[in-house]
Number of protein chains: 2
Amino acid sequence: MNRIRPTPGEWEILQALWKLGPATVREVHESIAAERPVQYTTTLKLMQILAEKGLVARDESARAHQYRPAVEREDLQADAAEDLLERVFGGSAAELMQRALSRRKPKKSELKELRKTIDAWEGRKG
Amino acid sequence: MNRIRPTPGEWEILQALWKLGPATVREVHESIAAERPVQYTTTLKLMQILAEKGLVARDESARAHQYRPAVEREDLQADAAEDLLERVFGGSAAELMQRALSRRKPKKSELKELRKTIDAWEGRKG
DNA sequence: TGTAAACTACGAAGACTTTCGTTGACAACT
DNA sequence: AGTTGTCAACGAAAGTCTTCGTAGTTTACA
């Protein structure tokens with residue numbers, strides 16, 4: 001029940017790690033710096049904090065440490081989604097869905113995918 | 001494009017105001033204090049901050065000021081949902097959906113409602 | 001060997017958030 | 001009039017988050 005709530009900065013690092021696979025600070029930093037201006041030591045610090053918190057693991061055998069996520073992406077995503085669902089949508093998934101797409105004119109393919117997700121549920125359980 | 005991001009404490013107040021309708025600090029406070037322990041002045045301070053930020057309006061003509069939301073609930077919810085969608089789910093609504101319900105065994109009625117929401121979209125636009 | 005480059009570690013500033021105590025005004029009651 | 005209760009305003013402490021500079025170490029190489 002106790003949710004892990006990475007900060008926005010921490011999410012950014014984690015997303016980069018999931019995208020890159022095990023990576024050094026330098027690699028993560030360049031991935032992020034391609035999107036927005038940020039100093040190397042800022043990225044480093046965030047990654048050290050994540051390591052302290054146990055959200056990433058690191059291999060220190062090489063001089064440039066290798067980092068990798070130490071938690072399942074799906075679990076963190078579920079934590080985040082549930083948190084929003086409860087705090088902001090009073091538990092109504094339909095409302096969450098509706099608001100998430102309300103300003104966005106979802107594509108047909110997206111709707112199809114959503115339908116498929118729901119079908120999978122229906123099949124799995126009532 | 002610039003999203004309004006109430007803090008968790010601010011959300012709590014806003015939810016109470018949407019539930020209660022225009023209300024005094026005392027009323028909001030008692031609604032919240034029924035859920036968790038909190039001092040009156042804490043609630044007051046949050047509401048003053050919300051007023052400063054323009055997220056609530058207040059009528060000061062009576063001694064006990066009357067507060068009401070000054071922004072649309074739907075807009076704030078959309079801001080919050082979009083933020084999560086982008087930051088955590090890379091824009092994939094289907095994944096958001098899936099994670100939001102993954103540990104929850106959604107009820108049939110809930111799935112039906114979701115389907116209805118999607119149908120509404122399909123009808124409104126492709 | 002000595003200088004430059006690449007790293008990690010560390011600390012700290014500045015902003016934001018939450019929480020609450022204190023103060024002073026006003027009101028109600030005795 | 002004096003005491004008690006309710007209210008808004010304010011300030012400030014404690015915690016968190018982001019950001020970056022500085023220091024010190026190791027590696028590369030001229």
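This structure is a prediction, so every number in the text was calculated from the model and none was measured. Proteins come first, then strands; the chains are lettered A, B, ... in the order of their sequence lines, and each starts at number 1.
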Chemist: Side chain of A/T41 only, please: which of D/dC20, C/dC7, D/dT18 is the nearest?
Modeler: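 Selected nucleotide (nearest to the side chain): D/dC20.
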Chemist: Testing the basics here: between A/A70 and A/G54, what is the closest heavy-atom pair and its distance to 0.1 Å?
Modeler: CB-O, 3.5 Å
Chemist: Nearest 0.5 Å, please: how far is CD in A/Q48 from OG1 in A/T43?
Modeler: 11.0 Å
Chemist: Examine B/F89 and A/L55 and state if one hydrophobic cluster contains both, with Ile, Leu, Val, Met, Phe, Trp and Tyr joined whenever side-chain heavy atoms are less than 4.5 Å apart.
Modeler: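 Yes, B/F89 and A/L55 fall within the same hydrophobic cluster.
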Chemist: By nearest atom, which of the nucleotides C/dA9, C/dG11, D/dC7 is closest to the B/A64 side chain?
Modeler: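 Selected nucleotide: D/dC7.
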Chemist: Atom CD of B/E10 to atom C1' of C/dT18: distance rounded to whole Å?
Modeler: 10 Å
Chemist: Return the nearest nucleotide to the side chain of B/K45; candidates are D/dC20, C/dC20, C/dA9.
Modeler: C/dC20
Chemist: Base, sugar-phosphate alone, or nothing: which one does B/T42 contact when heavy atoms must sit under 4.0 Å apart?
Modeler: base
Chemist: When you get a sec, tell me which of C/dT18, C/dT8, D/dT27 is the closest nucleotide to the side chain of B/I49?
Modeler: C/dT18
Chemist: May I ask you to decide whether A/D79 forms a salt bridge with B/R103, counting only side-chain N to carboxylate O separations under 4.0 Å?
Modeler: yes
Chemist: For B/Y40 and C/dT19, is the shortest distance between a side-chain N/O and OP1 or OP2 below 4.0 Å?
Modeler: no
Chemist: Rounded off to whole Å, could you give me the CD-to-C1' distance for the B/Q48 and D/dA9 pair?
Modeler: 6 Å
Chemist: Whole angstrom is fine here: how far is it from CD in B/E30 over to P in D/dT6?
Modeler: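 The distance from CD of B/E30 to P of D/dT6 comes to 10 Å, rounded to the nearest Å.
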Chemist: Please determine whether any donor N or O and acceptor N or O are separated by less than 3.5 Å between the side chain of A/R26 and the base of C/dA6.
Modeler: no
Chemist: Tell me which nucleotide among D/dC17, D/dA9, C/dT19 gets nearest to the side chain of B/R58.
Modeler: D/dA9
